[in-house]
Student: 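Please see the structure below; I have some questions.
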Amino acid sequence: MTFDQFNLLNEFNILRIMCGLFFIPHIIGKFTEPKALELFGAFGFKPPRFWLLTACAIEIVLTVGLVFGIYTRYVAAVGVIHLLVAAGATYRLNGKWLWHIGGAEYCVFWALACLVVAMHG
């Protein structure tokens with residue numbers, strides 16, 4: 001890890017760090033929003049608490065790896081898979097694309113951003 005990895009004049013660093021930091025509200029929300037556990041059950045992940053905690057663990061690793069540039073290519077690739085699973089589960093449950101009405105659009109966009117990071121990491 002070098003200080004150059006935090007040079008915000010480098011557009012790749014901005015994208016990589018942004019992709020990592022965006023996981024933080026998702027991690028926090030899984031612990032502070034009681035409906036998060038219900039959502040995992042509705043998605044069909046059984047037992048839901050196990051999968052919620054597994055998702056949190058994955059997201060913590062993704063956050064650290066992306067923000068600090070550790071194994072960037074691999075971590076970002078895992079992020080793509082993780083986010084596409086979330087997008088698929090969301091779409092399967094709600095049948096909606098638009099994110100502002102509970103659809104999968106945001107997760108797909110974020111997965112594509114992680115894909116760009118994986119391609120150039």
Side-chain angles (χ1 to χ4, degrees):
M1 182 169 58
T2 65
F3 287 110
D4 191 50
Q5 290 176 299
F6 297 99
N7 175 3
L8 297 182
L9 297 176
N10 179 322
E11 62 280 355
F12 175 75
N13 288 344
I14 293 170
L15 181 62
R16 173 183 52 80
I17 293 167
M18 178 190 75
C19 284
L21 290 177
F22 277 27
F23 283 107
I24 293 173
H26 285 253
I27 297 164
I28 293 169
K30 286 176 179 63
F31 291 107
T32 60
E33 177 54 54
K35 291 190 178 202
L37 186 59
E38 293 174 25
L39 186 61
F40 273 77
F43 284 156
F45 294 118
K46 295 190 180 6
R49 181 150 184 80
F50 169 79
W51 289 108
L52 180 136
L53 295 174
T54 299
C56 282
I58 292 168
E59 290 172 1
I60 290 168
V61 170
L62 295 174
T63 300
V64 171
L66 289 168
V67 170
F68 293 104
I70 302 168
Y71 296 112
T72 304
R73 193 172 295 245
Y74 304 106
V75 171
V78 171
V80 171
I81 295 165
H82 182 73
L83 290 163
L84 289 178
V85 168
T90 300
Y91 189 80
R92 184 171 163 243
L93 178 67
N94 298 330
K96 297 176 183 171
W97 171 250
L98 300 174
W99 72 271
H100 61 284
I101 57 173
E105 174 188 25
Y106 178 72
C107 287
V108 173
F109 175 82
W110 192 2
L112 291 172
C114 285
L115 179 62
V116 171
V117 173
M119 291 169 64
H120 295 283

Student: Would you say F12 and T72 make side-chain contact, with heavy atoms under 4.5 Å?
Tutor: yes
Student: Given W51 and L37, is the side chain to side chain contact (heavy atoms under 4.5 Å, CB included) satisfied, shown in steps?
Tutor: CA-CA 9 Å; W51 289 108; L37 186 59; over 6 Å; no
Student: Can you find a pair of side-chain heavy atoms, one from L39 and one from L93, that are under 4.5 Å apart?
Tutor: yes
Student: I'd like to know if Y74 and L66 are part of one continuous hydrophobic network [Ile/Leu/Val/Met/Phe/Trp/Tyr, side-chain heavy atoms within less than 4.5 Å].
Tutor: yes
Student: For K46, what residues pass the side chain to side chain contact (heavy atoms under 4.5 Å, CB included) criterion, not counting sequence neighbours?
Tutor: none
Student: Are V80 and V75 linked, directly or through intermediate hydrophobic residues, by side-chain heavy-atom contacts shorter than 4.5 Å (ILVMFWY only)?
Tutor: no
Student: Tell me, yes or no, whether the heavy-atom count around Y91 atom OH, taken from other residues, nucleotides or ligands under 6.0 Å, exceeds 12.
Tutor: no
Student: Shared ILVMFWY cluster between I58 and L84, side chains joined below 4.5 angstrom?
Tutor: no
Student: Between M18 and L62, is there a shared hydrophobic cluster once you connect ILVMFWY residues whose side-chain heavy atoms come closer than 4.5 Å?
Tutor: yes
Student: Taking the side chain as everything from C-beta on, heavy atoms only, tell me whether I60 gets closer than 4.5 Å to T63.
Tutor: no
Student: Please test F45 against V85 for side chain to side chain contact (heavy atoms under 4.5 Å, CB included), starting from the C-alpha separation and ending with a verdict.
Tutor: CA-CA 11 Å; F45 294 118; V85 168; 4.1 Å; yes
Student: Evaluate the criterion side chain to side chain contact (heavy atoms under 4.5 Å, CB included) for residue pair L8 and I17; output intermediate values, then yes/no.
Tutor: CA-CA 9 Å; L8 297 182; I17 293 167; 4.1 Å; yes
Student: Show me the side-chain donor-acceptor pairs of residues 102-121 shorter than 3.5 Å, one per line, residues at least two apart or across chains.
Tutor:
unit_1 : atom_1 : unit_2 : atom_2 : d
E105   : OE1    : W99    : N      : 3.1
W110   : NE1    : C19    : O      : 3.3

Student: Identify the residue among K35, K30, R49 that makes a side-chain contact (heavy atoms from CB on, under 4.5 Å) with F40.
Tutor: K30
Student: In Å, rounded to the nearest 0.5 Å, how long is the span from CG of D4 to CG of N10?
Tutor: 6.5 Å
Student: Please determine whether side chain to side chain contact (heavy atoms under 4.5 Å, CB included) holds for the pair F22 and L83, giving the CA-CA distance in whole Å, both sets of side-chain angles, and the decisive distance to 0.1 Å.
Tutor: CA-CA 12 Å; F22 277 27; L83 290 163; over 6 Å; no
Student: Do W97 and F43 land in one hydrophobic cluster if side-chain heavy atoms of ILVMFWY residues count as linked below 4.5 Å?
Tutor: no
Student: Heavy-atom distance under 4.5 Å between the side chains of L53 and F31, does that happen here?
Tutor: yes
Student: For the atom pair CD1 (I24) and CD (E59), what is the distance rounded to the nearest 0.5 Å?
Tutor: 11.0 Å
Student: Would the distance check show the side chain of R16 and the main-chain N or O of Q5 forming a donor-acceptor pair, the cut-off being under 3.5 Å?
Tutor: yes
